K.L.:
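Below is a structure I'd like to ask you about.
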Amino acid sequence: MNLLEIQKLKVHFPVHQPLFGRAKEFVHAVDDVSFAIAPGETVGLVGESGCGKTTLGRAVIKLIEPTSGRIVFEGEDIAALSGPELRARRRRFQMIFQDPYGSLDPRLTVADVIGEALDIHGLACGATARRQRVDDLLKDVGLDPSHASRLPHEFSGGQRQRIGIARALAVEPKLIVCDEPVSALDVSVQAQIVNLLQDLQQQYGIAYLFVAHDLAVVKHISRRIFVMYLGRIVESSVAKEICCSPKHPYTQALISAVPVVDPDAKRKRVLLSGDLPSPIHPPRGCPFHPRCPVAEARCKTEVPFLREIEPGHHVACHLNVFQQTVL
Ligand code: SF4
């Protein structure tokens, strides 16, 4: 059984909410997205800024209220849950935030940042058990338990991200949404945090939804990758297929922009013209058609839906993706 199943999820934000009546325009941040995550699996979610990946990551764990669709977590639809019902289930899904500086309360010691989560969910009986659990979690994320009484500003960016990971781990989640968890860190520290996440996954069997714009990082950690464009998933497959044999013209452009280690390796760079269109008025037909280097006439009027072109490889494109390539 899948750990998480997202079915036809939409998140539309009103552009301007009048005092009376209904909003007339909406930002189509997430549009008709469906996917599943197995227990202990890492799924990468990539796309350029503004494509809706962070909104989708937050909506699947109900930090943002979805407009419609189902969020089936461990067999139960949590999309409509709120209040105490949602709180009771919240410990099973957690989030690691992009900003290790802003995501920790500067007034709380590390022991309290982590202990607060234990208190809320009643996971440590008494001060001794709480302290022991905090110490164990700090060791799990590679920090010295003797630093538990320090404040967040006394730590480096990488150490603060480790504290954020310990806080998420405290409630023994089954799924962690990692929202650009390394993009604010130095490159050398990024690798350490990614390796730590992989080690913790081995140890605890946690599933990750890893949201990032850096395909090189996503490729390293993910078993499968979903590529998002203007609120929709346009391609999904196992990481190797996406990176070595991308089929959607947008994925091909993303892959062509990833730096290669071998200076002799030749790869044609696909430059996309224009910016991401407005999610308030997404283009008709294929949302990618104004920037697509191989668009046809019907791309302007017909919406391409995700279709399976090989087992487990889905692409939303009208063209015969085995014949065309822009790389
Ligand atoms: Fe390009 Fe048309 Fe495919 Fe969209 S459907 S990606 S516009 S070729």
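Bear in mind that the values here come from a model prediction, so they are computed numbers and not experimental data. When a ligand or atom number is given, it counts from 1 through the structure's own listing order.
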K.L.:
Ring centres under 6.0 Å, that's the criterion: do Phe26 and Phe13 meet it?
P.N.:
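Here the rings of Phe13 and Phe26 have centres that are no less than 6.0 Å from each other.
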K.L.:
Suppose the cut-off is 2.8 Å; which protein N/O/S atoms would you list for atom 3 (Fe) of ligand 1?
P.N.:
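The answer is Cys317 SG.
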K.L.:
Any idea how Phe73 and Phe93 line up, ring-wise: parallel (<30°), tilted (30 to 60°), or perpendicular (>60°)?
P.N.:
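The arrangement is perpendicular - the two ring planes meet at more than 60°.
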K.L.:
Please determine whether side-chain contact (heavy atoms from CB on, under 4.5 Å) holds for the pair Lys300 and Arg284, giving the CA-CA distance in whole Å, both sets of side-chain angles, and the decisive distance to 0.1 Å.
P.N.:
CA-CA 6 Å; Lys300 295 182 181 170; Arg284 283 187 66 211; over 6 Å; no
K.L.:
Check whether any side-chain N or O of Arg91 sits under 3.5 Å from a backbone N or O of Val171 as a donor-acceptor pair, and report yes or no.
P.N.:
yes
K.L.:
Should the pair His12 and His28 be assigned to parallel (<30°), tilted (30 to 60°) or perpendicular (>60°) ring geometry?
P.N.:
tilted
K.L.:
Is there a side-chain contact between Arg58 and Val177 in this structure, where contact means two heavy atoms from C-beta onward sitting under 4.5 Å apart?
P.N.:
no
